[in-house]
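Quick notes on the structure that follows.
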Amino acid sequence: MLELQILLVFMIIGAIVAVKTKDLLSAVIAVGTVGLGLSVAFLILKAPDLAIAQLVVEILVVIILIRATIRKDLPFSTSGRWFFNTFVVFVFLIVFLIFGYICMKDLPKFGEPIMKVAQSFLNNGLKDTGATNLVSSIVLDYRAYDTLGEATILFTAVIGVLAVMRKVGRKK
Amino acid sequence: MDNPKHGMTLIVKTITRLTVGLILLFGIYIVSHGHVSPGGGFAGGVIIALSFIHILLAFGKEVALKRISYNVASFFESLGAIMFITLALLGIGSGYFLLNFISKGEPFRLFSSGLIPLYNVAISFKVGAGLFIIFVILVTFRLTKKDDRE
């Protein structure tokens, strides 16, 4: 698990760089490195489906971020109230660490889930659905209602983007 | 297709012409083998959308929208949704909603596991066309107004 922890430290450093750089393009590229690290982490944890989806969506999102937002003159203010900002950051960090410690203490150990239904999927998945990719058999057979909801979410996202960005009906 | 006023330089255009077919083919492979190997409808659909976005970035908006116009993308997205719902409703005839009713076949084959490949194809239509539409809207709609794209 050492390589996973190295990756997590790398991702945290990338996130801090993304927040702290003045240049917008550098920040977007740093976000991209965080996504790439997450993809490799999924691969180390033996979840290739998630790794493929994460990598591909990350590429799409980074391209959209570069093309759609980099040309706009976004207001970027760092001056003023630095004492208040730093104080708030430290307070929230301490609160987050305390609550995280309390919550993580009661979680089951890594790789030993409480739910017994996953083992039943592993045992009967190939016989029930005939799909050798168990993730596909769960997403599209046992839990197909979730996939239906995901398709609805995408449909709603397209309608929302169209409604916000369309030219017809916009003033001036 | 070769209008030097629009899009990026000649190097980018040549590389795009060589690679965009391979990217589309890889997306189709990921979709069609989603029940055998890692992948599936969502990831494959995003790769298919990325191949068209590749054309749009390299050649400009006009060429990409001539390949797959706005109405065609809208049609494919609706087709994906209707195909998914229809396949799900067909299961009611022999049981319940979303039932995988046809025979499972032999494992590790391309045509196996019943309706799961068809669900994958429906989701890939939906995701690919939907993300392409979102990209076109986000990138081009606001920029055409001020006309400040290169």
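Residue numbers start from 1 in every chain, and the chains themselves are labelled A, B, ... in the order their sequence lines are given, proteins ahead of strands.
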Got a sec: does the [atom1] of [X] have more than 12 other heavy atoms crowding it under 6.0 Å?
X        : atom1 : result
A:Ile114 : CD1   : no
A:Leu93  : CG    : yes
A:Phe42  : CZ    : yes
B:Phe26  : CZ    : no
B:Phe97  : CZ    : yes

Contact part of [X] toward chain B, heavy-atom cut-off under 4.5 Å: side chain, backbone, both or neither?
X        : result
A:Leu126 : side chain
A:Glu150 : side chain
A:Val161 : both

Which one of B:Ala81, B:Ser37, B:Gly114, B:Ala88 has the most heavy-atom pairs closer than 4.5 Å to chain A?
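Ranked by contacts with chain A, first place is B:Ser37.
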Tell me, out of B:Val127, B:Ile53, B:Ile30, who's got the most heavy-atom pairs with chain A below 4.5 Å.
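So the answer, after comparing B:Val127, B:Ile53, B:Ile30, is B:Val127.
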Do you know which two heavy atoms are closest between [X] and [Y], and how far apart they sit?
X        : Y        : result
A:Ala131 : B:Ser113 : N-CB, 3.5 Å
A:Tyr145 : B:Leu98  : N-CD1, 3.7 Å
A:Thr129 : B:Asn100 : O-ND2, 4.3 Å
A:Val158 : B:Gly130 : CG2-O, 3.7 Å
A:Gly130 : B:Ser112 : O-OG, 4.1 Å

Euclidean distance, A:Ile159 CD1 relative to B:Glu77 CD, rounded to 0.5 Å:
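The CD1 atom of A:Ile159 is 8.0 Å from CD of B:Glu77, to the nearest 0.5 Å.
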Name the member of A:Ile59, A:Val57, A:Leu148 that forms the most heavy-atom pairs with chain B at distances under 4.5 Å.
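Highest number of heavy-atom pairs under 4.5 Å: A:Leu148.
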B:Gly39 backbone acceptor or donor facing A:Asp49 side chain under 3.5 Å:
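Here the side-chain-to-backbone pair exists.
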With a 4.5 angstrom heavy-atom cut-off, could you sort out which part of B:Ile47 is near chain A: side chain, backbone, both or neither?
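Both parts, backbone and side chain.
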Less than 4.5 Å to any heavy atom of chain A: does that hold for the side chain of B:Phe84, its backbone, both, or neither?
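It is the side chain, since no backbone atom gets that close.
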Side chain proximity check, [X] to [Y], heavy atoms < 4.5 angstrom:
X        : Y        : value
B:Ile116 : A:Asn133 : no
B:Phe42  : A:Val56  : no
A:Leu140 : B:Leu115 : no

Is [Y] reachable from [X] through a run of I, L, V, M, F, W or Y residues, each pair having side-chain heavy atoms under 4.5 Å apart?
X        : Y       : answer
A:Ile12  : A:Ile6  : no
B:Leu57  : B:Ile15 : no
B:Leu131 : A:Ile64 : yes
B:Leu118 : B:Ile85 : yes
B:Ile92  : B:Leu90 : yes

